There are 2 protein chains.
Amino acid sequence: MTVRHLSESTEMYLKAMVELSDHEMVMVPRLAERLGVTPVSANEMVRRLGEQGLVSHTPYKGVNLTKKGREAAVNVLRRQRLWEVFLHDHLKIEWSHIYEYACSLEHATAPEVTEALAAFLGDPKTCPRGNPIPATDGSFKPLEGISLGELKTGDKARILAVNATATDVLQYLQERDILPGRELRVVEVAPLQGPLTLEVGSRITALGLSMAEFVIVKLIKS
Amino acid sequence: MTVRHLSESTEMYLKAMVELSDHEMVMVPRLAERLGVTPVSANEMVRRLGEQGLVSHTPYKGVNLTKKGREAAVNVLRRQRLWEVFLHDHLKIEWSHIYEYACSLEHATAPEVTEALAAFLGDPKTCPRGNPIPATDGSFKPLEGISLGELKTGDKARILAVNATATDVLQYLQERDILPGRELRVVEVAPLQGPLTLEVGSRITALGLSMAEFVIVKLIKS
DNA sequence: CTATAAAATAAGGCTAACCATAACATTTTT
DNA sequence: AAAAATGTTATGGTTAGCCTTATTTTATAG
Ligand SMILES: [Mn+2]
Ligand SMILES: [Mn+2]
Ligand SMILES: [Mn+2]
Ligand SMILES: [Mn+2]
């Protein structure tokens, strides 16, 4: 019954599932990509997670989290985002590095430490990448935003969150001032999956579609 | 040349070696006890550590750290003790739990995080268990104290450090106010490895020899 | 110097996560 | 309906860390 200690790998699979698509089914090869393993390895792991009652897999349809799995996953998210706040606000670690470091610490954090950290930080509601921090009971309101990649030429929007995880991608975005809170305007959308041209604070930047997928925005004016 | 990422297990073996006896040789079965593994497993691990140039093992004489191994070990100590300070002073985690929690976090802490944490904490010199915190370059002055088990009846001493690691042992000591900074007097030393009777702050406590070994004191008056 | 205790090694096993390569099943596209 | 693309499974590996049981080697105490 009690959720005994889950391995780092297990926690990363579960977290990847909420990050990729909360509640919807995820194809196993998508999980594999996100986690940097082969589809065969991801299938093996999904079988193990299934045996532990953390996920359910319908072949050719996808995997999703069970109640138990989702609880564990959301708890990992909580730990990760609390550490992100600490690393950013208190340790003054560079924004583009905090995800990576928090992603290590999250697996080494006991419940008592998690709750003490939350209290120390003043129960923050948002992490530096713009995402909501789940409460102790697992509740959190997902962002009501759309991907930057869905905007059309001329649209104006405010950046809500940046969901990239790779440090180099985060650094690339940080250098271009594509950060939570910033406002932007879509100057042009190139055809054929081409790049977006953006104006962010009087600065013009081109951004590939795959990177734009990571940026969650709220439309201000279309 | 560069010390790439060492596994948690590797770091724990190295740390155990400095904790058990800095610079002196350690018998492999002593390491095994400290780490809670069988002597066979410890021997296997020592072989692997030897292959990586972290330790050198002379059969029937003992193991010791190489320069490279000691550097890595001391760095683990630094991380551990910095986290202990954070957990104790900022998160207000109960004293008897901080070793255990810091012992998880230490392996998940990148150099940049370690240094930022040290700066945040104001470069503390001592951890809540009384031990010195090694500097970035690995330097630290070991405590010049003796084990509480070496005291004689009538001796007065001040507790410098408590080197226990098991949470239940730490809790036992905490309950009896056997903490760094406290002063005590040895009321009686029972013969045949028997317990010590101590007076700690007007309170009389009996303490087994094996626990007394964990307590490092400075003799005030004999 | 020999008996005993302690340390080490040999041998065989286990599990969690990974890998590659190949075969197979299903869905999607044409 | 067939072809192509995608997802899954089968098979056989690897590595790090653990385990047990049995044997061998060395140190040490009498
Ligand atoms: Mn992680
Ligand atoms: Mn540890
Ligand atoms: Mn073997
Ligand atoms: Mn197999």
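From a predicted model like this one, the values you see are computed outputs, not experimental measurements. Just so you know, these numbers use all the heavy atoms, side chains as well, and skip hydrogens, waters and symmetry mates.
OP1 or OP2 of dA17(C) sits under 4.0 Å from a side-chain N or O of Arg48(A). Contact check, Thr38(A) against dC19(C): a side-chain N or O comes under 4.0 Å of OP1 or OP2. When the side-chain nitrogen and oxygen atoms of Tyr13(A) are compared with OP1 and OP2 of dC18(C), one or more of them lie within a distance under 4.0 Å. Residue Lys61(B) places at least one side-chain N or O under 4.0 Å from the OP1 or OP2 atom of dA27(D). Look at His57(A) and you'll find a side-chain N or O under 4.0 angstrom from OP1 or OP2 of dT8(D).
For the pair Ala16(B) and Arg34(B), the tightest heavy-atom approach, listed with the atom from each and the gap, is CB-CG, 3.8 Å.
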Applying side-chain contact (heavy atoms from CB on, under 4.5 Å), run through Arg176(B) and Tyr172(B) and close with a yes or a no.
-> CA-CA 7 Å; Arg176(B) 281 152 188 79; Tyr172(B) 185 92; 3.3 Å; yes
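Taking the six-membered ring for Trp and thresholds of 30 and 60 degrees, Trp83(B) and Trp83(A) have ring planes more than 60 degrees apart, a perpendicular arrangement. The aromatic rings of Phe120(A) and His90(B) lie perpendicular to each other, with more than 60° between the two planes, well past the 30° mark.
Using a cut-off of 4.0 Å between Lys/Arg side-chain N and Asp/Glu carboxylate O, Lys68(A) and Glu71(A) are scored as not salt-bridged. Salt-bridge annotation for Glu106(B) and Lys15(B): present, with a side-chain N of the basic residue lying under 4.0 Å from a carboxylate O of the acidic one.
Put simply, CG on Leu54(B) is 11 Å from P on dG17(D), counting in whole angstrom units. Protein atom CD of Glu44(A) is 11 Å distant from nucleotide atom C1' of dT11(D), rounded to whole Å. Nucleotide dA17(C) holds its P atom 12 Å from the NE2 atom of His107(A), rounded to whole Å. Rounded to whole angstrom, the span from the CG atom of Leu49(A) across to the C1' atom of dC18(C) amounts to 14 Å. The nearest whole Å value for the distance from the CZ atom in Arg47(B) to the P atom in dT9(C) is 9 Å. Counting to the nearest Å, the C1' atom of dA16(C) and the CG atom of Leu6(A) are 14 Å from each other. Residue Glu11(B) contributes atom CD, which lies 11 Å from atom P of dG17(D) at whole-angstrom precision. The interatomic distance linking Met45(A) (CE) with dC19(C) (C1') rounds to 15 Å, in whole Å.
Ser9(B) comes within contact range of the sugar-phosphate backbone alone, with a heavy-atom separation under 4.0 Å but no base atom that close.
Only Met27(A), Val28(A), Pro29(A), Arg30(A), listed by number, bring a heavy atom of residues 24-36 of chain A to less than 4.0 angstrom from any atom of DNA chain D.
Heavy-atom distances to DNA chain C give each of Val37(A) and Gly62(B) a nearest nucleotide, and the one nearer the 5′ end belongs to Gly62(B).
Among dC18(D), dC19(C), dA11(C), the nucleotide with an atom closest to any side-chain atom of Ser41(A) is dC19(C).
Under 3.5 Å, the side chain of Tyr60(B) and the base of dT25(D) form at least one donor-acceptor pair of N or O atoms.
When Arg79(A), Glu84(A), Arg78(A) are each tested for a side chain to side chain contact (heavy atoms under 4.5 Å, CB included) with Leu82(A), only one passes: Arg78(A).
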